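Heads up: the structure comes next, in structure tokens.
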Amino acid sequence: MKSLLLSATAFALAATTVQAETSDARIALSNNYAGNSWRQAMLQSWEEVGNKAVEEGAVAAADSFTTSENQATEQAAQIQNMILQGYDAIVVNSASPTALNGAIKEACDAGVTVVSFDGIVTEPCAWRIAVDFEGMGKLQVEYLSQRLPEGGKLLEIRGLAGVFVDDEISAGIHKGVEENPQFEIVGSVHGDWAQDVAQKAVAGILPSLPEVVGVVTQGGDGYGAAQAFKAAGRDTPLIVLGNRQDEMAWWAEQRDANGYETMSLSIAPGVASLAFWVAQQILDGAEVPKDLSVPFLKVTQDTLDEALATTTEGSVATTDYSLEDAKGVISGAM
């Protein structure tokens, strides 16, 4: 009996020690941009999950900071300031895969854990969480080849210039076109993953374009593109969407009115919550591979109503990650 009591006591002490490993830890989010619905949903996910973790004593702080401009120099200064403020871990959605490497290395050298997600960094000391963005771009063209086997002219709407995500999705789109030469990209604009920016950019290029059968996108730009085509008096092409609520609402309206069919795909904004828990697990002593991947969310004609019903107005279809979810992602990568 005595040995059993000792074992129970040891277990309780061990459990207390595990809790204490991160209960005093302070984690910060460094975000480079907040000017679209995806980033707003991402920040909301961080806030909700982080605040709950603080309330439950998992960590001492889960603060978030967003730069006023999408500039790597500004974000690098922000990270350096976080180092001086004594954060134990910094989670980064980066303005550039390489331009922040110096600041990231400074953080690592100071003993700070750095986890990048969505806009990941290449500095070897940091962890990275991403989806197969190139595959996401390629999948759009593959879908178009099934729906439009004869091919045609395409318009590409890109995201934020210079950001890893934008480069990867665009590379996948162009690879898809190479493998499906019946398609030709006749125009490309940057929509910054925002409907208003995309609408203005598409409206500006449409007068110079021939008939377009499809629009390949990066998310947050499909509804703006549709409005630009409508304002120009052009037929609506097949627009691949990006899981934004306004896009999906428009899709449902068009489906009910004339049978419009497309698909929608994007990384879930809730990946921020996964990055938070990954940072917590690293601080807690868990062995975590440097590179982790998560699937992107895809909405089809059959799942549109369900996705729309669970996405709040002005937001993005998403899922938040729990601590157990994070442990599952980590173990799956081992």
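Note: hydrogens, waters and symmetry copies are ignored here, and every other heavy atom, side chains too, is used. Note that the coordinates shown come from a computational prediction; the quantities given were computed from them, not determined experimentally.
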May I ask you to decide if C125's main-chain N or O and K290's side chain share a donor-acceptor pair within less than 3.5 Å? yes
Considering residues at least two apart in sequence or located in another chain, which fulfil the ring pair (Phe, Tyr, Trp, His ring centres under 6.0 Å) criterion with W38? none
Whether the side chain of N81 engages the backbone of Q78 through a donor-acceptor N/O pair (distance < 3.5 Å, no angle test) should be reported. no
Do T311 and Q245 have side-chain atoms, one donor and one acceptor, less than 3.5 Å apart? no
Return yes if some donor-acceptor pair links the side-chain N/O of E247 with the main-chain N/O of G242 below 3.5 Å, else return no. yes
Mind running side-chain hydrogen bond (donor to acceptor under 3.5 Å, both in side chains) on E142 and N180 for me, showing each step along the way? CA-CA 8 Å; E142 292 174 348; N180 294 274; 5.9 Å; no
Taking atom NZ as the centre, does K200 end up with more than 12 heavy-atom neighbours from other residues, nucleotides or ligands that are less than 6.0 angstrom away? no
Closest contact, heavy atoms only, S266 versus N243: N-ND2, 3.4 Å
Tell me whether F296 is reachable from L274 by hopping between hydrophobic residues (I, L, V, M, F, W, Y) whose side-chain heavy atoms are closer than 4.5 Å. yes
Say you draw a straight line from CD of Q44 to OG of S64; how long is it, rounded to the nearest 0.5 Å? 11.5 Å
Compute whether any side-chain donor of one residue and acceptor of the other, for T122 and N101, lie under 3.5 angstrom apart. yes
Residue pair V54 / V59, side-chain heavy-atom distance below 4.5 Å: yes
For D235, is the CG atom crowded, meaning more than 12 foreign heavy atoms sit under 6.0 Å from it? no
Lys/Arg-Asp/Glu bridge criterion (N-O < 4.0 Å) met for E55, K52: no
So, for L238 and E261, which heavy atoms are closest and what is the spacing to 0.1 Å? CG-O, 4.0 Å
Looking at A126, is its backbone amide N or carbonyl O close enough to the side chain of R128 to form a donor-acceptor pair, meaning the two atoms are under 3.5 Å apart? yes
Starting at CD1 of I90, measure out to OG of S116 and round the result to the nearest 0.5 Å. 12.0 Å
For I282 and W127: C-alpha separation, side-chain torsions, deciding distance, then whether side-chain contact (heavy atoms from CB on, under 4.5 Å) applies. CA-CA 10 Å; I282 296 167; W127 279 261; 3.4 Å; yes
Side-chain heavy atoms nearer than 4.5 Å, only ILVMFWY residues, links allowed to pass through others: does that put Y321 and M42 together? yes
Using 0.5 Å steps for rounding, measure from the CZ atom of F164 to the OG1 atom of T98. 11.5 Å
Is it the case that the side chains of Q301 and W251 hold a donor-acceptor pair, with the cut-off being a distance below 3.5 Å and no angle test? yes
Any donor-acceptor N or O pair under 3.5 Å, side chains E106, Q80: yes
Please check if Y223 and I205 belong to a single hydrophobic cluster, counting links between Ile, Leu, Val, Met, Phe, Trp and Tyr side chain heavy atoms closer than 4.5 Å. yes
So does D221 pair up with R244, basic N to acidic O under 4.0 Å? no
How close do I157 and A198 get, heavy atom to heavy atom, and via which atoms? CG2-CB, 4.4 Å
Does L323 form a side-chain contact (heavy atoms from CB on, under 4.5 Å) with K327? I'd like the steps, not just the answer. CA-CA 6 Å; L323 173 58; K327 290 180 177 179; 4.0 Å; yes
Side-chain H-bond candidate by donor/acceptor type, T236 with Q254, under 3.5 Å: no
Verify whether one side chain among D192 and Y33 offers a donor that lies under 3.5 Å from an acceptor in the other. no
Pair E156, S170: side-chain N/O donor-acceptor within cut-off below 3.5 Å: yes
Which heavy atom in L308 sits nearest to a heavy atom in A252, and how many Å separate them? CD2-CB, 4.0 Å
Sequence neighbours excluded, the answer for ring pair (Phe, Tyr, Trp, His ring centres under 6.0 Å) partners of Y260 is W250
Any carboxylate oxygen within less than 4.0 angstrom of a Lys/Arg side-chain nitrogen, looking at E211 and R234? no
Residue E74 excluded, over 12 heavy atoms near CD under 6.0 Å: yes
Are more than 12 heavy atoms from other residues, nucleotides or ligands located less than 6.0 Å from atom OH of Y87? yes
Is there a donor-acceptor pair under 3.5 Å between the side chain of S273 and the backbone N or O of S45? no
Go through I169 and R158 one step at a time and tell me if the side-chain contact (heavy atoms from CB on, under 4.5 Å) criterion holds. CA-CA 8 Å; I169 295 177; R158 299 188 58 166; over 6 Å; no
H190 side chain to G159 main-chain N or O, any donor-acceptor pair under 3.5 Å? yes
Roughly how far apart are Q199 CD and Q195 CD, rounded to 0.5 Å? 8.5 Å
Side-chain donor/acceptor of N31 to backbone N/O of F65, under 3.5 Å: no
Are the charged groups of R26 and D88 less than 4.0 angstrom apart, N to O? no
CG/N70 to CG/N32 distance, rounded to the nearest 0.5 angstrom? 4.5 Å
For D284 and T22, test the side chains for any donor-to-acceptor distance below 3.5 angstrom and give the result as yes or no. no
Could you check whether K105 pairs with D109 (Lys NZ or Arg NE/NH1/NH2 to Asp/Glu carboxylate O, under 4.0 Å)? yes
CA sep, side-chain torsions, deciding dist, call: L100, Q75, side-chain contact (heavy atoms from CB on, under 4.5 Å): CA-CA 8 Å; L100 295 184; Q75 192 173 17; 3.3 Å; yes
Check whether W193 and V316 end up in the same hydrophobic cluster, where Ile, Leu, Val, Met, Phe, Trp and Tyr are linked by side-chain heavy atoms less than 4.5 Å apart. yes
Should L29 and L292 be counted in the same cluster of Ile, Leu, Val, Met, Phe, Trp and Tyr side chains packed under 4.5 Å apart? yes
So CD of Q182 and CG of L148: to nearest 0.5 Å the spacing works out to 9.5 Å
Nearest atoms (heavy-atom pairs only) where L206 meets A228: CD1-O, 3.7 Å
Less than 4.5 Å apart, side chain to side chain, heavy atoms only: is that true for D320 and E48? yes
Nearest heavy-atom pair of A333 and D291: which atoms, and what distance? CB-O, 4.4 Å
